[in-house]
*Asks:* 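Dumping the structure here so I can ask a few things about it.
Only heavy atoms go into these numbers, but all of them, side chains included; no hydrogens, no water, no symmetry mates. A note on names: the letters A, B, ... follow the listed sequences, proteins ahead of strands, and every chain is numbered from 1. Please read all numbers here as calculations on a predicted model, not as lab measurements.
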Amino acid sequence: NAGVTQTPKFRVLKTGQSMTLLCAQDMNHEYMYWYRQDPGMGLRLIHYSVGEGTTAKGEVPDGYNVSRLKKQNFLLGLESAAPSQTSVYFCASANTPDTQYFGPGTRLTVL
Amino acid sequence: KQEVTQIPAALSVPEGENLVLNCSFTDSAIYNLQWFRQDPGKGLTSLLLIQSSQREQTSGRLNASLDKSSGRSTLYIAASQPGDSATYLCAVRPDTGTASKLTFGTGTRLQVTL
């Protein structure tokens with residue numbers, strides 16, 4: 001039972017490049033979330049999904065897109081990366097709104 | 001807009017001490033409050049969840065209290081151990097909406113020394 005996995009673990013991008021972060025969960029959870037964590041700011045919600053085929057905006061959605069084509073996967077895309085998107089990205093999944101299981105994170109640097 | 005503050009930002013204590021971490025929030029209209037632990041380079045793990053109708057929750061050496069009307073929660077750690085060294089975050093869930101959009105505090109980094 002792998003829980004919540006994130007790919008990749010580390011990535012360095014140049015400004016303007018695009019990339020997709022993959023989150024996968026094997027717990028059959030309905031809810032999935034993408035957060036970013038920056039020093040001194042705590043975790044902030046980017047986008048979330050309440051089920052396969054659904055997505056919704058969180059607190060800081062600008063510059064990101066998401067897709068939930070399969071229940072077990074939640075993809076976060078950066079179409080044109082900016083230095084302000086340098087952060088650690090965490091994915092979480094939940095079967096009930098209060099029991100979020102977090103992945104290990106992806107450390108992204110945009111130069 | 002809900003704001004969650006944790007003081008202190010960092011704390012160092014010798015092994016065996018009892019300690020208290022603080023969390024305050026500006027909007028008392030919450031459904032519940034959670035305390036999480038984050039180890040370096042890792043994700044978050046939920047420690048305790050307190051519903052808005054509860055005053056406290058206990059798990060082993062951890063005790064969390066909630067004073068909803070004053071917008072405060074504390075996490076009490078008894079007989080601290082080096083293995084307790086981590087960052088502790090609190091998060092509140094609003095009492096509206098169903099997708100559990102949590103608002104997190106910035107965390108307290110705890111170091112327990114030998």
*Asks:* Determine the option with the most heavy-atom pairs under 4.5 angstrom with chain B, choosing from A92(A), C91(A), S49(A), P104(A).
*Replies:*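 The option with the most such pairs is P104(A).
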*Asks:* If you round to the nearest 0.5 Å, how far is CZ of F104(B) from CD of Q37(A)?
*Replies:*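 Rounded to the nearest 0.5 Å, the CD-CZ separation comes out at 9.0 Å.
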*Asks:* When rounded to the nearest 0.5 angstrom, what distance separates CG in L102(B) from OH in Y33(A)?
*Replies:*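 Going from CG on L102(B) over to OH on Y33(A), the span is 7.0 Å.
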*Asks:* Is it true that atom CZ of R44(A) has more than 12 heavy atoms of other residues, nucleotides or ligands lying nearer than 6.0 Å?
*Replies:*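 More than 12 heavy atoms, drawn from other residues, nucleotides or ligands, come within 6.0 Å of this atom.
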*Asks:* Can you get from F36(B) to L75(B) by hopping between Ile, Leu, Val, Met, Phe, Trp and Tyr side chains that sit under 4.5 Å apart?
*Replies:*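 No.
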*Asks:* Does atom CZ of R61(B) have more than 12 heavy-atom neighbours, drawn from other residues, nucleotides or ligands, at distances under 6.0 Å?
*Replies:*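 Yes, CZ of R61(B) has more than 12 neighbouring heavy atoms, counting only those of other groups under 6.0 Å.
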*Asks:* Output the residues of residues 63-71 of chain A for which the shortest heavy-atom distance to chain B is under 4.5 Å, in residue-number order; output 'none' if no such residue exists.
*Replies:*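 Residues of residues 63-71 of chain A touching chain B at under 4.5 Å: none.
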*Asks:* Assigning hydrophobic clusters by single linkage (Ile, Leu, Val, Met, Phe, Trp, Tyr; side-chain heavy-atom cutoff under 4.5 Å), is L43(A) placed with L78(A)?
*Replies:*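 No, because L43(A) and L78(A) fall into different hydrophobic clusters, even though each may have its own neighbours under 4.5 Å.
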*Asks:* Is there a continuous path of hydrophobic side-chain contacts, each under 4.5 Å between heavy atoms, that joins Y76(B) to L21(B)?
*Replies:*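 Not linked; separate clusters.
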*Asks:* Which one of L89(B), T87(B), L49(B), V4(B) has the most heavy-atom pairs closer than 4.5 Å to chain A?
*Replies:*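 Sorted descending by pairs with chain A, the first entry is L49(B).
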*Asks:* Which bit of L44(B) comes within less than 4.5 Å of chain A, counting heavy atoms only: side chain, backbone, both or neither?
*Replies:*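 Interface part for L44(B): both.
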*Asks:* Within this structure, what is the CD-CD distance for the pair E59(A) and Q2(B), rounded to the nearest 0.5 Å?
*Replies:*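 If I round to the nearest 0.5 Å, the distance is 11.0 Å.
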*Asks:* State plainly whether one hydrophobic cluster holds both Y48(A) and V88(A), where clusters connect Ile, Leu, Val, Met, Phe, Trp and Tyr through side-chain heavy atoms under 4.5 angstrom apart.
*Replies:*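 Same cluster.
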*Asks:* Please state whether the side chain, the backbone, both or neither of E3(B) comes within less than 4.5 Å of a heavy atom of chain A.
*Replies:*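 Neither part.
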*Asks:* Tell me the closest heavy-atom pair linking Q38(B) and F90(A), and the distance in Å.
*Replies:*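 Q38(B) and F90(A) have their closest heavy atoms at NE2-CZ, 3.3 Å.
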*Asks:* Test of understanding: clusters of I, L, V, M, F, W, Y form through side-chain heavy atoms closer than 4.5 Å, transitively. Do L21(A) and V60(A) belong to the same one?
*Replies:*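 They do share one cluster, since a chain of ILVMFWY contacts under 4.5 Å joins L21(A) to V60(A).
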*Asks:* Rounded to the nearest 0.5 Å, how far apart are CG of D98(A) and CD of Q34(B)?
*Replies:*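 Answer rounded to 0.5 Å: 6.0 Å.
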*Asks:* Could you list the residues that satisfy salt bridge (charged side-chain N to carboxylate O under 4.0 Å, His left out) with R37(B), not counting sequence neighbours?
*Replies:*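 Partners of R37(B) under the salt bridge (charged side-chain N to carboxylate O under 4.0 Å, His left out) test: D39(B).
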